[in-house]
Asks: 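Encoded as C-alpha cells, here's the structure I'll be asking about.
In this text the structure is predicted, and so the values were computed from the model without any measurement. The chains referred to below are lettered A, B, ... by the order of the sequence lines, with proteins before strands, and numbering in each begins at 1.
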Protein chains: 4
Amino acid sequence: MSPRRRDADSTSTARTHRRAELLGIAAGIFAEQGYAATTIREVADAAGMLAGSLYYHFDSKESMADEILSTFLTELWESYDRILAANKGARETLEALIAASFTAIDAHRPAVVLYQNESKHLALSPRFAYLNESRSRFRDMWVGLLERGVREGAFRADLDVPLAYRFIRDTVWVAANWYAPGGRLSADMVAKQYLTMILEGIQPHPS
Amino acid sequence: MSPRRRDADSTSTARTHRRAELLGIAAGIFAEQGYAATTIREVADAAGMLAGSLYYHFDSKESMADEILSTFLTELWESYDRILAANKGARETLEALIAASFTAIDAHRPAVVLYQNESKHLALSPRFAYLNESRSRFRDMWVGLLERGVREGAFRADLDVPLAYRFIRDTVWVAANWYAPGGRLSADMVAKQYLTMILEGIQPHPS
Amino acid sequence: MSPRRRDADSTSTARTHRRAELLGIAAGIFAEQGYAATTIREVADAAGMLAGSLYYHFDSKESMADEILSTFLTELWESYDRILAANKGARETLEALIAASFTAIDAHRPAVVLYQNESKHLALSPRFAYLNESRSRFRDMWVGLLERGVREGAFRADLDVPLAYRFIRDTVWVAANWYAPGGRLSADMVAKQYLTMILEGIQPHPS
Amino acid sequence: MSPRRRDADSTSTARTHRRAELLGIAAGIFAEQGYAATTIREVADAAGMLAGSLYYHFDSKESMADEILSTFLTELWESYDRILAANKGARETLEALIAASFTAIDAHRPAVVLYQNESKHLALSPRFAYLNESRSRFRDMWVGLLERGVREGAFRADLDVPLAYRFIRDTVWVAANWYAPGGRLSADMVAKQYLTMILEGIQPHPS
DNA sequence: GATGAATGAGTTTTCATTCAT
DNA sequence: TATGAATGAAAACTCATTCAT
C-alpha cells in the first residue's frame, strides 16, 4: 500500500528465501558428511560464495544447525498435533503418525538425518535444549498411544511398551538414511509397508 | 636368547592388553560424541595420559577407528558364519542372526554405534574398503535369507524384500544407541522381544 | 548556472553537517572502545545506518580518525597560537595554555582521548605525519615556556624541565579520560584547580 | 626427596618460567601496539614460535592479558598493603605510595601501560571484574589518605579531594608511557621529582 | 544517500601429529 | 612408556571495504 511497502516486503521475503536456500544446502551437506566433519567452506562452496560470506546470513555454524533443526521440529509437531487433535482410535492414530513421519522424511530428509545423527551431542548445549524437550514429548506421545492401544485391545496385551516405542521410533526415523525421494518407493508406499510390518510382522498370517 | 625373554613376552601381552584398553576408551568416546567431534586429547585425558602419548600405541586417530571396527566386524562375522554354516531353516536362521546381533551389541556397543554413525564417511577412504565389503556381504546375506524364507513360506509372500532387509537391519543396529548393558532388559530379552515384533508385529494375533 | 544551484548549496551544507555528526558518533565510540577495537559496523549502528553506507561519506576508517584528529588539532593550535602571540609572562602564558587545554577537552573530549590513546600507533603511517609535527611543536612550546619561566624566576630554579613538561602534559590531557562535560566541575574550574596544584602543589603554603 | 620429586619440581618450575617469559613478550607488544591491534602471530613471532603453539601455554589471547594484569595487580597491592600497614602519617604514606608506584612502573612497565590503556574496555567482561574492584580500592585508598592529610594539616585545607585523587593517579601512572628503565632518570629519581611537584608545585617557594 | 550482499584478507583458535628427552 | 613442547595445516569467524541496485 505504502510506496515503500512493496520494497520492504520483497526485500524481507528475498532474505527469507535466501536463508532457506542456504540452509537447504547446509542441511544436505551436514546430513551427508556429518555436522562436525563438514566445514563452513564446503557449505559456502556449494552455495557459490566464500566462507566468510555465509556469516552475513548466519551467526555461526551452530546457528545454521539450530535453524535447520528447529524449523523441522516445528513443522513436525504441527503435523503431529493435528493428528492427535483428531482423537482417533489408537491404531488409526499410529497409522497417521507413521504416515506423517514418512511425509516429514520426504520433505526434510537432510534435517531428519541431522536430527538423527547429531541431536544427542548438540542437545548438551543449552542452545539446543529444545531437542530434549521434543524428545520427551515424543516419548510421552508414543508411550501414551501404545498404552492406550494395549488397553483398547488394538495392540498385543503382552507388548513391552517402552521397547516397542523405541522399536517404532528408530525404525521409522532411521529410514531417512536410505530413503531417496523420487526413488522406487514413494514415502506413502514406504509408510504403508512399514506400517504392515510393524502391525503384522513379516510372517504370514495364520488366518 | 635374551635374558629378558620372559619379560619381553609378558610385556607384549601387557601391550596387547593396554592397546585393547585404550581402544575401549576411544570407542566409548567416539560413540558418545562422534568420531569427528572427538579429539585425541579427549581420548588421552580419559586414558590418563597426554595426547602425544597415544601415538606410542597407535599410528593415528584413523588407525584407532580402524582397529575398533575391524575387530568388531571380524568377531561379528565369525558368529554370523557359524550360524549360516548350521544351515537351518529361514526362520530359525533369522532368529539366530538377530540374537547374535544383540549379543554383539551387548559386547561391543561403542563399536556398533561407531559403525552405525561413521562407516558411511570412513568407507570413502581405501583403508576402510572392508566396510563396504562387509556391507555388501551383509545385504546379500539378509536379502538371500528373506528371499529363501518367502520361497519356503516362512515369510509373507508379498514381502518387499529390499525394504524388509533395511527394516530389520536398521531396527536391530540402531538399538545400540539406547541399549544399556546391565539395564532392565538383557540383550537376550531384547532380542526375543524384537524378534516377536519383527515376525508377528505389534497387533494381537487374529487366531 | 544549474537550476538546482540553491539546492546544491543547501545539500552541500547538509552534507557537511552530516559528516560532522557522523564523525562525532565515530569519535565517541573510538574514544570509548579504542580505535582498533571499534568496528565500522558499530559506528554505523550508532548512526542508524548499515556499515557499507558509511563509505558514501568517508573513504575509510582511517580517514575518519584522520578527520577527527586533524580538525581537533587545528582548532587546538589556533587557540594556542593566539595565546603565544599575546606574549605574556611565563606564568600567565602557562595559565592560559592550561585553561585552553581544558576548554579543548570540554569541546572535543572524544578527539582528545583518541589522540591520547592512538596517536602513537597512527603516527607510524605517513598519512598521520602531522601528529608527530604537532607533538614536536607541543614539546618545544612547553619546554621553551618552562625554561623561560625558570630564567624569569616564575618557576623553581631547580626544575627538571623535560620532566616537568611531561608532568604537565600528561596530567592535563589524561584528564580527558574522566572529565564529564556538564558534571560537578566545569572545565574552567578543573583548569583552575589543576593550575593551583601544578603551581603550588597540594601542601599548605608555609607562608 | 622422592626420586621423582626433583623432576616434578624442575618441570613445573620450567613451565612457570616459560609462561612468565612468554607473558613478558606479550605484555611488551600489547603495551607498544595496543591489545586489540596486536595479533597473536606477532606475539608468537617475537617468541620464536608459531601462532598455534602459544595455545599450548595459554587458552586465549584474553587469558594472556588476564594473567599479565592480575599478576601485576597482585604484586602492586602487596606493596601498597605493606605501606598502609605501616600506619605512617599522611605525607609519609603518600610519599611511600608514589615511590612504590614508580617502582612498579620500573618493574612492570608493559603491564602498567596495558592496564592504563585497556583496563577500561577489558573491565566490561566479567572475567576482568577484578579490574573494577582494584580501581575502587585504589580510589578509596587515595581519597581516604587525602582526606586524612587535609584533616591532619598535611595537605591544603581547600584541596578538592576527588580532583586531587585523579590528578595524582593519572600523573603517576601515565608516566609509564614514557618512562624508560635505564634512561637518564631512575625510577627513584623520577619519583622524587614528581613528589616535589605534587607536594610543592613548580613555583618557587615563597619562604 | 542508503541498502544488501558479497569479497578477501586476516584473525583467533583447534587439533592431529611429531619428537627430543 | 610417557611427557612437554612444539608444528603446520586447517578450522571458524571477523571485518574493512566494494558495488550493483
Asks: May I ask you to decide if D66(D)'s main-chain N or O and S63(D)'s side chain share a donor-acceptor pair within less than 3.5 Å?
Replies: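 Flag not set: sc S63(D) to bb D66(D) has no pair under 3.5 Å.
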Asks: Report the residue from V43(C), N117(C), V113(C) that forms a side-chain contact (heavy atoms from CB on, under 4.5 Å) with F30(C).
Replies: V43(C)
Asks: If you compare every side-chain N and O of S53(D) against the phosphate oxygens of dT7(F) (OP1, OP2), does one of them come in below 4.0 Å?
Replies: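 Yes, because at least one side-chain N or O of S53(D) sits under 4.0 Å from OP1 or OP2 of dT7(F).
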Asks: Taking only side-chain N and O atoms of Y55(D), does any of them lie within less than 4.0 angstrom of OP1 or OP2 on dT13(E)?
Replies: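 It does, given that an N or O in the side chain of Y55(D) lies less than 4.0 Å from OP1 or OP2 of dT13(E).
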Asks: Does a nitrogen or oxygen in the side chain of R41(D) sit under 4.0 Å from OP1 or OP2 of dG10(E)?
Replies: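 No, R41(D) has no side-chain N/O under 4.0 Å of OP1/OP2 on dG10(E).
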Asks: Salt bridge between E32(D) and K120(C), side-chain N to carboxylate O under 4.0 Å?
Replies: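 Looking at E32(D) and K120(C), the cut-off is not met.
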Asks: Given dA16(F), dT17(E), dG4(E), identify the nucleotide with an atom nearest to the side chain of A51(B).
Replies: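 The answer is dT17(E), which lies nearest to the side chain.
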Asks: Mark yes when over 12 heavy atoms from residues, nucleotides or ligands other than R18(B) sit less than 6.0 Å from its CZ; otherwise mark no.
Replies: yes
Asks: Taking OP1 and OP2 of dA6(E), is either one under 4.0 Å from a side-chain nitrogen or oxygen of Y56(A)?
Replies: no
Asks: Taking only side-chain N and O atoms of R18(B), does any of them lie within less than 4.0 angstrom of OP1 or OP2 on dA2(F)?
Replies: yes
Asks: In dot-bracket form, how is DNA chain E paired, counting a Watson-Crick or G-U wobble pair only if both its distances are under 3.5 Å and using | for bases paired to another strand?
Replies: .||||||||||||||||||||
Asks: Among dT13(E), dA16(E), dA16(F), which nucleotide has an atom closest to any side-chain atom of I40(B)?
Replies: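 Ranking dT13(E), dA16(E), dA16(F) by closest atom to the I40(B) side chain puts dA16(E) first.
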Asks: How close or far is atom P of dC19(E) from atom CG of L54(B), stated in whole angstroms?
Replies: 17 Å
Asks: Flag this pair as yes if the NZ/CZ of K61(A) is under 6.0 angstrom from the six-membered ring centre of Y35(A) and inside a 45 degree cone about the axis; otherwise no.
Replies: yes
Asks: Taking the nucleotide of DNA chain F with the nearest heavy atom to each, does A36(C) or E62(A) sit closer to the 5' end?
Replies: E62(A)
Asks: Starting the side chain at C-beta, find the nucleotide from dC15(F), dA16(E), dT7(E) nearest to T39(C).
Replies: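 The nucleotide sitting nearest to the side chain is dC15(F).
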Asks: Check whether any side-chain heavy atom of E62(D) sits under 4.5 Å from a side-chain heavy atom of F128(D), and report yes or no.
Replies: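 Counting from C-beta outward, E62(D) and F128(D) do come under 4.5 Å.
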Asks: Atom OH of Y35(A) and atom C1' of dA12(F): how far apart are they, to the nearest Å?
Replies: 10 Å
Asks: Classify T38(D) by what it touches in the nucleic acid, base, sugar-phosphate, or nothing, heavy-atom distance under 4.0 Å.
Replies: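 T38(D): backbone/sugar contact only, no base atoms under 4.0 Å.
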Asks: Want to settle it: does G52(A) or L22(B) sit nearer the 5' end of DNA chain F, counting the closest nucleotide to each?
Replies: L22(B)
Asks: Do you know the tightest heavy-atom contact between A36(A) and A36(B)?
Replies: CB-CB, 3.9 Å
Asks: With heavy atoms under 4.0 Å as the rule, sort L50(A) into base, sugar-phosphate or nothing.
Replies: base
Asks: H57(D) side chain N/O closer than 4.0 Å to the phosphate oxygens (OP1, OP2) of dA6(F)?
Replies: yes
Asks: Nearest to the side chain of R15(A), heavy atoms from C-beta on, is which of dC13(F), dG4(E), dT17(F)?
Replies: dG4(E)
